[in-house]
Amino acid sequence: MPELPEVETVARGLQISVAGRRIVSVTLRKTDFMDDPDTIEREVPGTQIARVERFGKFMLLRLVRDRAASEPEASSKALLVHLGMTGNLAPHFAEQPRELRYTDARRFGRMAYLAGETLAAELLRFGADPLEVTAEEFAKRIESSRARIKALLLDQTVLRGVGNIYADESLWSAGIHPAKSGAKLKRKELARLRQALQKILRKAIQMRGSSISDFVDAEGQPGDYQQHHRAYGREGKKCFRCGRAIKRIIIAGRSSYFCPACQRAPHREGRIRKSTKRKGRARTSKR
DNA sequence: CTCGATCCCTGGACGC
DNA sequence: TGCGTCCAGGGATCGA
């Protein structure tokens, strides 16, 4: 489950190993995870990988085409790569001349060649980078929605790059229940949550990410941050802060791990619709 | 419009 | 040992 720290780790590795290299040819196998395989096959060969960046959970391979030094690049182009759950993008040295190979058993990933306006528009769909977002912007993005905070953290149009692991870890650290509505969070809680999220993401990047399924970086090495998980995957185990058993509930279709003592449940949330069904119907007719 | 549930896909864990 | 079942989850899509 590559999230921001894992993708950052892979992107940094690729920046070292393949930036500056020219792509001679492209060979496609299964293409159902690609936006437009024909375009990739047609446009990518002959380009040079200028650099490799992370954008949310995407890697952006910035491409440039051979041209005279005097003439400017017509438009920016990039290969967008999302690792999904099981994706891996890594150089292989066994074959000639050398390969940058993408593998993804489950094909939850995504690959797309985008340029110019199309590329710009695609990137605009995503929210703020969690490592760069200011306290004010973070607060505004969260408190403007009544959705549950866990769902908001996972929403890539709110913040780009946070997934299930780091959402649970930061909520545990900040002592906020995952089912709490974003709109109900106090500014103080929002400040704590942003601090926790950034601290955890930085630490995880330092440790080259979490390897909980089979994540390995571009050098084939696993990360170490899974040793620091305090909530994620710890159902029934003791909370590192208070000793109570960690619980698991489903929010936004995902497992959410939390401490029922350190992260107190919101007062009357989650089942509102059910308990006010009759009144609710009468009220809606007024509108 | 906003929010939540469902589905896609396959390998690994688990039970019998 | 082998087989069936369940679960993991990012994001698109659909429906309330």
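In what follows, every chain begins at residue 1, and chains take the letters A, B, ... in the order their sequences are listed. All values derive from a computational prediction rather than experimental measurement.
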Counting only side-chain N and O atoms of [X], is one of them less than 4.0 Å from OP1 or OP2 of [N]?
{"X": "Q156(A)", "N": "dG11(C)", "result": "yes"}
{"X": "K30(A)", "N": "dC9(B)", "result": "no"}
{"X": "S255(A)", "N": "dC7(C)", "result": "no"}
{"X": "R254(A)", "N": "dC7(C)", "result": "no"}
{"X": "H82(A)", "N": "dG10(C)", "result": "no"}

What's the [atom1]-[atom2] distance between [X] and [N], to the nearest Å?
{"X": "E122(A)", "N": "dA12(C)", "atom1": "CD", "atom2": "P", "answer": "8 Å"}
{"X": "I251(A)", "N": "dG10(C)", "atom1": "CD1", "atom2": "C1'", "answer": "17 Å"}
{"X": "E6(A)", "N": "dG9(C)", "atom1": "CD", "atom2": "P", "answer": "13 Å"}
{"X": "I250(A)", "N": "dG9(C)", "atom1": "CD1", "atom2": "C1'", "answer": "11 Å"}
{"X": "I249(A)", "N": "dC7(C)", "atom1": "CD1", "atom2": "P", "answer": "17 Å"}
{"X": "M85(A)", "N": "dC7(C)", "atom1": "CE", "atom2": "P", "answer": "14 Å"}
{"X": "D155(A)", "N": "dT2(B)", "atom1": "CG", "atom2": "C1'", "answer": "11 Å"}
{"X": "I149(A)", "N": "dC3(B)", "atom1": "CD1", "atom2": "C1'", "answer": "15 Å"}

- Classify the side chain of R106(A) and the base of dA8(C) as holding, or not holding, a donor-acceptor pair under 3.5 Å. yes
- Message: Taking donor-acceptor contacts at under 3.5 Å, does the side chain of R107(A) reach the base of dG10(C)?
- Response: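 Result: no qualifying N/O pair found.
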- Query: Would R248(A) and S255(A) count as a side-chain hydrogen bond (donor to acceptor under 3.5 Å, both in side chains) if you check the C-alpha gap in whole Å, the side-chain angles of each, and the deciding distance to 0.1 Å?
  - Reply: CA-CA 6 Å; R248(A) 182 175 77 100; S255(A) 283; 2.6 Å; yes
- Task: May I have all residue pairs that pass ring pair (Phe, Tyr, Trp, His ring centres under 6.0 Å) and include part of residues 2-48 of chain A, sequence neighbours excluded?
- Result: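 The answer is F33(A)-Y102(A).
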- Query: Are any of the side-chain heavy atoms of T47(A) and L79(A) separated by less than 4.5 Å?
  - Reply: no
- When you get a sec, tell me which of dA5(B), dG10(C), dA12(C) is the closest nucleotide to the side chain of R148(A)?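 Among the listed nucleotides, the one closest to the side chain of R148(A) is dA5(B).
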At 4.0 Å (heavy atoms only), tell me whether [X] reaches a base, stays on the sugar-phosphate, or touches nothing.
{"X": "R248(A)", "result": "sugar-phosphate"}
{"X": "A105(A)", "result": "sugar-phosphate"}
{"X": "Y232(A)", "result": "sugar-phosphate"}

- Query: When you check the gap from the basic side-chain N to the acidic O, do D168(A) and R254(A) get nearer than 4.0 Å?
  - Reply: no
- Pick the nucleotide of DNA chain B nearest each of S144(A) and G253(A); which residue has the one closer to the 5' end?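 Here S144(A) is the residue nearer the 5' end.
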- Closest nucleotide of DNA chain B for D32(A) versus for A151(A): which of these residues is on the 5' side? A151(A)
- Which salt bridge (charged side-chain N to carboxylate O under 4.0 Å, His left out) pairs, counting each pair once, include a residue from residues 9-21 of chain A, with sequence neighbours left out? E8(A)-R12(A)
- Check whether the aromatic ring of F108(A) stacks on the base of dG10(C), taking stacking as ring centres less than 5.5 Å apart and planes within 30° of each other. yes
- Determine whether more than 12 heavy atoms belonging to other residues, nucleotides or ligands lie under 6.0 Å from atom CZ of R187(A). yes
